Number of protein chains: 2
Amino acid sequence: MDKKELFDQFVAFTAAVHQVTHELTQDVKIDNITPVQYKILEHIKVSQPVTPTEISDCQHMSLPNTSRELRKLQERKLVEKMIDTEDRRKHYVCLTADGEKMMKEAFACIEERFQQLIQHASKKDLEDIQDALNILNKKVFQPKL
Amino acid sequence: MDKKELFDQFVAFTAAVHQVTHELTQDVKIDNITPVQYKILEHIKVSQPVTPTEISDCQHMSLPNTSRELRKLQERKLVEKMIDTEDRRKHYVCLTADGEKMMKEAFACIEERFQQLIQHASKKDLEDIQDALNILNKKVFQPKL
DNA sequence: TCCATTACTTATCATTTGATAACGAAATAA
DNA sequence: TTATTTCGTTATCAAATGATAAGTAATGGA
């Protein structure tokens, strides 16, 4: 087994993943949301409640810039902040009802495209895919330990 | 087999792929290259010779903007253009020796990090990973058809 | 020949994103 | 109490990216 070969395969694979991700998410109709703002909303959606610092770390952006984007999202009533009662420096960010609705629609659109992508897969194919996802998650993409 | 469940798994997986890709490529020492320029160089590296129109399509950017970035890369002697002798409207873009060197170093750096990522994988693990990559490529991420 | 199309360029402008300094309020440690 | 640290904000500036209009040159077809 050639590790170099595996690397080449890995590079091609990640390129394909990025390509497909782009196709699935492009032009998802969410009015006037910038890519960065969408990423933030997506992150809040799956991890809420979440603090600005956590968003900053996970999205690899500075806290001031995170704060700015959160303010814009808040002004548009897509997210809301709450102050931790224990430690009043901490803010918890959640989606508002509007924000939930928008993200739900976005995910529905993406899921529809995804289902189209695998529409021709047999029952066995689907199981194989699931197994493959599990293996790669466990052996390669697993976030630290 | 629940297709909805598979979608959720897929979303989590692609998020993990993007995360790992970011970790592998962040701070790859290539002096003053912007992310977009790096993507272009990467694309040229694996597909050269390539035309501006092809880059424009694959990188999802307009031809004028592609042209601008290529000019900057050309000014820095990282890429060079040749005119098609058959159809003199077409330009073929390639990496210069400097460009090749820079990309080779970048890939070496990324590969080193990748090998670290799978350093604890057994021989069987590596085979499993390879199989999983093949399955996903074929069943899901395969570019059209 | 004239016209339409293709491939690419230049120029310009708006928006998004990144980086940094300076500040405030709350918690914590001395 | 007085530091010091943490979490978050505002403000400002620079750079990267996106969008669009206009232009050139080559091709190919009528």
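Naming: A, B, ... by sequence-line order, numbering from 1 per chain. Computed from a predicted structure; not experimentally measured.
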**OP:** Ignoring hydrogens and angles, tell me if any N or O in the side chain of A:S56 forms a donor-acceptor pair with the backbone of A:P52 under 3.5 Å.
**Re:** no
**OP:** Answer yes or no: are there more than 12 heavy-atom neighbours, outside B:K104 itself, under 6.0 Å from its atom NZ?
**Re:** no
Please tabulate the protein-to-nucleotide N/O contacts below 3.5 Å involving nucleotides 11-13 of chain C, giving atom names and distances.
none

Original post:
If you count the non-hydrogen atoms of other residues, nucleotides and ligands that lie under 6.0 Å from NZ in B:K45, is the total more than 12?
Top reply: yes
Subject >> Salt bridge A:K3-B:E111, side-chain N to carboxylate O under 4.0 Å >> reply: no
Find every protein N or O atom lying less than 3.5 Å from an N or O atom of nucleotides 23-27 of chain D, and list the pairs.
| from | atom 1 | to | atom 2 | distance (Å) |
| --- | --- | --- | --- | --- |
| D:dA26 | OP1 | B:R88 | NH2 | 3.4 |
| D:dT27 | OP1 | B:E86 | O | 3.2 |
| D:dT27 | OP1 | B:R88 | N | 3.1 |

Original post:
Contacts to DNA chain C from residues 34-44 of chain A, heavy-atom cutoff under 4.0 Å, which residues?
Top reply: A:T34, A:P35, A:V36
**OP:** Calculate the interatomic distance between B:L63 atom CG and D:dA19 atom C1'; express it in whole Å.
**Re:** 13 Å
**OP:** Work out which heavy atom in B:V28 is nearest to a heavy atom in B:L24; give both atom names and the distance.
**Re:** CG2-O, 3.9 Å
**OP:** Examine D:dT9: is either OP1 or OP2 under 4.0 Å from a nitrogen or oxygen in the side chain of A:H91? Give yes or no.
**Re:** yes
Original post:
Start at the 5' end of DNA chain C and walk down; is the nucleotide closest to A:K72 or to B:K90 reached first?
Top reply: B:K90
Original post:
Under 6.0 Å from the NZ atom of B:K81, do we count more than 12 heavy atoms belonging to anything else shown?
Top reply: yes
Original post:
Between A:Q59 (CD) and C:dT17 (C1'), how many Å, whole number?
Top reply: 14 Å
Subject >> Distance in angstrom units between B:L73 CG and D:dT17 C1', rounded >> reply: 14 Å
Original post:
Are A:D125 and B:K139 ion-paired here, with the side-chain N under 4.0 Å from a carboxylate O?
Top reply: yes
**OP:** Mind calculating the distance between CZ (A:R71) and P (D:dT10) to the nearest angstrom?
**Re:** 6 Å
Subject >> Between C1' of C:dA26 and OH of A:Y92, the distance in whole Å >> reply: 14 Å
Original post:
Counting only N and O atoms by type, is there a donor-acceptor contact under 3.5 Å from the side chain of A:S47 to the main-chain atoms of A:I44?
Top reply: no
**OP:** Calculate the interatomic distance between B:M82 atom CE and C:dC8 atom C1'; express it in whole Å.
**Re:** 16 Å
Subject >> Parallel, tilted or perpendicular: ring planes of A:F13 versus B:F141, cut at 30 and 60 degrees >> reply: perpendicular
Subject >> Rounded interatomic separation in angstrom, taking CD from B:E69 and C1' from D:dA19 >> reply: 14 Å
Original post:
When you check the phosphate oxygens OP1 and OP2 of C:dC8, does a side-chain N or O of B:K81 lie under 4.0 Å from one of them?
Top reply: no
**OP:** Using a heavy-atom cut-off of under 4.0 Å over every strand shown, decide if A:T66 touches base, sugar-phosphate, or nothing.
**Re:** nothing
Original post:
Would you call B:E127 and B:K124 a salt bridge, taking side-chain N to carboxylate O under 4.0 Å as the test?
Top reply: no
**OP:** Specify the separation, in whole Å, of atom CG of A:L70 and atom C1' of D:dT10.
**Re:** 14 Å
Subject >> Donor-acceptor contact below 3.5 Å, side chain A:T51 vs main chain A:H91 >> reply: no
Original post:
Ion pair present between A:K72 and A:E75, side-chain N to carboxylate O less than 4.0 angstrom?
Top reply: no
Subject >> B:S62 side chain, from C-beta outward: closest of D:dC7, D:dT20, D:dT9 >> reply: D:dT20
